[in-house]
Amino acid sequence: MKILVTGGLGFIGSHTVVQLQKKGYQVVIIDNLSNTTLDVLEGIVAITGQPPIFEKLDLKDKAAVQNFFKSHQDIQGVIHFAASKAVGESVVNPLLYYENNINTLVYVLQELTKLKSSNFIFSSSCTVYGQASTMPISETAPIKVAQSPYGNTKQIGEEIIKDTCQVYPKLKSIALRYFNPIGAHESSKIGELPIGVPQNLIPYITQTAIGKRAQLSVFGNDYPTIDGTCVRDYIHVVDTAKAHVVALQRLLNNENQSNFEVFNIGTGQGSTVLEVIKAFEKVSNTKLNYKIVGRRPGDVVSAFADTTKANNILGWKAEYNLEDAILSAWKWQNTIKQD
Ligand code: WQD
């Protein structure tokens with residue numbers, strides 16, 4: 001069975017390709033290589049021994065998207081990762097984000113609605129909840145006004161899919177709202193490859209520990225949390241990847257209750273920034289150089305998932321804990337070529 005993975009050479013995409021291949025799916029990857037390299041394809045093949053079909057294609061090119069689907073009529077499901085994801089960049093260049101994340105989604109959906117049936121998994125984010133008023137956050141929590149154009153593309157993306165599903169009953173879709181995916185494959189052959197200075201906590205920590213960055217700045221210790229630093233739900237990327245496979249299987253087996261469903265993908269466990277640093281120091285046996293600085297604008301105080309819905313309905317549960325995930329990220333950091 002042939003599955004299309006857009007953005008399949010990205011961080012979560014590449015790990016999902018590995019899990020799909022392990023389950024026997026034939027994978028077709030589309031990627032425009034804007035934020036990754038072909039080395040990732042080699043990493044995937046090194047793990048699974050199976051070369052996926054790869055097409056370098058930019059989903060902003062509507063004619064190319066149409067041609068792609070014309071020549072791949074046998075695609076049974078689409079997992080759509082391709083998108084830009086840097087929150088700060090999206091504030092500076094909103095139209096780039098609306099074009100990259102919204103136009104592309106529309107073009108893919110337009111092709112799917114021409115098919116007799118289609119199954120679509122969308123990468124959404126816990127960012128849609130903003131600062132939720134109760135923890136853990138369940139899927140019924142209200143959607144808050146987006147704090148950035150990036151966050152808005154996830155909200156609008158979900159709405160576009162929902163509206164489309166309403167008029168195309170043969171289109172079945174699941175949006176997965178990820179909390180904070182981190183870590184790397186146990187083989188250290190694929191992992192996160194931030195370009196330039198990392199914006200996210202874990203790559204910043206591992207790059208500091210390896211000597212590529214001088215010091216980690218901890219953004220604020222005056223939040224109303226146990227140690228004053230922000231709380232997040234860090235989920236191993238391999239667990240995140242597996243969630244996509246079970247979500248896809250639910251659609252392929254017609255087990256879905258409606259043709260648009262949403263699920264939180266997290267561990268259910270919140271950790272503060274200082275707890276993450278302690279966990280890193282423990283698993284790496286390294287002292288991390290960090291200092292407390294002011295708050296980062298736009299950060300919510302706390303976000304961790306109620307995973308009951310994914311546990312009960314998808315039959316999916318995170319298997320790795322924070323230390324496992326951090327250790328895998330550290331091993332990966334020690335493997336990748338330094339620039
Ligand atoms: C985690 C915590 C920071 C860096 C973002 C996006 C979200 C998403 C995942 C994307 C926060 C603190 C960080 C640093 C720090 N989706 N921190 N020093 O902001 O929860 O989520 O990435 O694709 O949509 O918003 O993740 O890793 O940036 O931050 O103290 O150098 O670490 O303040 O509390 P975030 P993060």
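Counting convention: from 1, in listed order, for ligands and their atoms alike. All heavy atoms count here, side chains included; hydrogens, waters and symmetry mates do not.
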Heavy-atom contacts with Val87 under 4.0 Å: which atoms of ligand 1 show up? List them by number with element. 6 (C), 25 (O)

Check ligand 1 against Lys85 and write out every atom of the ligand that is under 4.0 Å from a heavy-atom position of the residue. 23 (O)

Under 3.5 Å: N/O of Ile202 near N/O of ligand 1: no

Short N/O distance, under 3.5 Å, between Arg296 and ligand 1? yes

Compare Tyr150, Phe219, Tyr178 and give the one whose heavy atom is closest to atom 16 (N) of ligand 1. Tyr150

Out of all atoms in ligand 1, which are within 4.0 Å of some heavy atom of Val218? Include the element for each. 30 (O)

If we count only N and O atoms by modelled type, under 3.5 Å, do the side chains of Gln76 and Tyr25 hold a donor and an acceptor together? no

Do Glu99 and Lys60 sit within salt-bridge range, that is, some charged N less than 4.0 Å from a carboxylate O? no

Under a plain distance cut-off of 3.5 Å, with no hydrogens placed, do Thr229 and Asn221 share a side-chain donor-acceptor pair? no

What atoms in ligand 1 come closer than 4.0 Å to a heavy atom of Cys230? 34 (O)

With heavy atoms of Asn180 as the reference, note each atom of ligand 1 found under 4.0 Å away. 20 (O), 21 (O), 26 (O), 35 (P)

Just by distance, no angles: are the side chains of Asn312 and Thr308 close enough, under 3.5 Å, to form a donor-acceptor pair? no

Is the shortest distance from a heavy atom of Tyr234 to ligand 1 less than 4.0 Å? yes

By the definition side chain to side chain contact (heavy atoms under 4.5 Å, CB included), identify the one residue from Ile75, Asp74, Ile53 that meets it with Gln26. Ile53

Do me a favour and list the nearest non-hydrogen protein atom to atom 33 (O) of ligand 1 with residue, atom name and distance? Asp299 OD2, 2.5 Å

Note the single closest protein heavy atom to atom 20 (O) of ligand 1, along with its residue, its atom name and the distance in Å. Arg232 NE, 2.6 Å

Tyr168 six-ring centre to Lys114 NZ/CZ under 6.0 Å and within 45° of normal: no

With a cut-off of under 6.0 Å to the ring centre and 45° to the axis, is Arg232 in cation-pi contact with Phe304? no

Note: heavy atom closest to atom 27 (O) of ligand 1, options Ile12, Leu201, Thr229, belongs to Leu201

Side chain, backbone, both or neither: which part of Pro181 has a heavy atom under 4.0 Å from ligand 1? neither

Is there a side-chain contact between Ile326 and Val276 in this structure, where contact means two heavy atoms from C-beta onward sitting under 4.5 Å apart? yes

Any side-chain heavy-atom pair of Ile265 and Arg177 under 4.5 Å: no

Verify the distance criterion only: is there a donor paired with an acceptor across the side chains of Lys172 and Asn256 at less than 3.5 Å? no

Relative to ligand 1, is Phe179 under 4.0 angstrom through side chain, backbone, both or neither, heavy atoms considered? neither

Ligand 1 to Val273 polar contact by distance, N or O atoms, under 3.5 Å: no

Can you tell if the side chain of Tyr320 reaches within under 4.5 Å of the side chain of Tyr234, non-hydrogen atoms only? no

Looking at Phe263, I'd like to know if the NZ or CZ of Lys309 sits under 6.0 Å from its six-membered ring centre while staying within 45 degrees of the ring's axis. yes

So which protein heavy atom does atom 36 (P) of ligand 1 come closest to, and at what separation? Asn200 ND2, 3.5 Å

Once you restrict to heavy atoms under 4.0 Å, what part of Leu216 touches ligand 1? Side chain, backbone, both or neither. side chain

Testing Asn152, Asn93, Thr153, Asn103 one by one against Tyr98 for a side-chain hydrogen bond (donor to acceptor under 3.5 Å, both in side chains), which residue passes? Asn152

List ligand 1 atoms under 4.0 Å from Thr127, heavy atoms only on the residue side. 24 (O)

What atoms of ligand 1 come closer than 4.0 angstrom to any heavy atom of Gln199? 4 (C), 28 (O)

For atom 18 (N) of ligand 1, which protein heavy atom lies nearest, and how many Å away is it? Ser217 O, 2.7 Å

One finds that the ligand 1 atoms under 4.0 Å from a non-hydrogen atom of Ser125 are 24 (O)

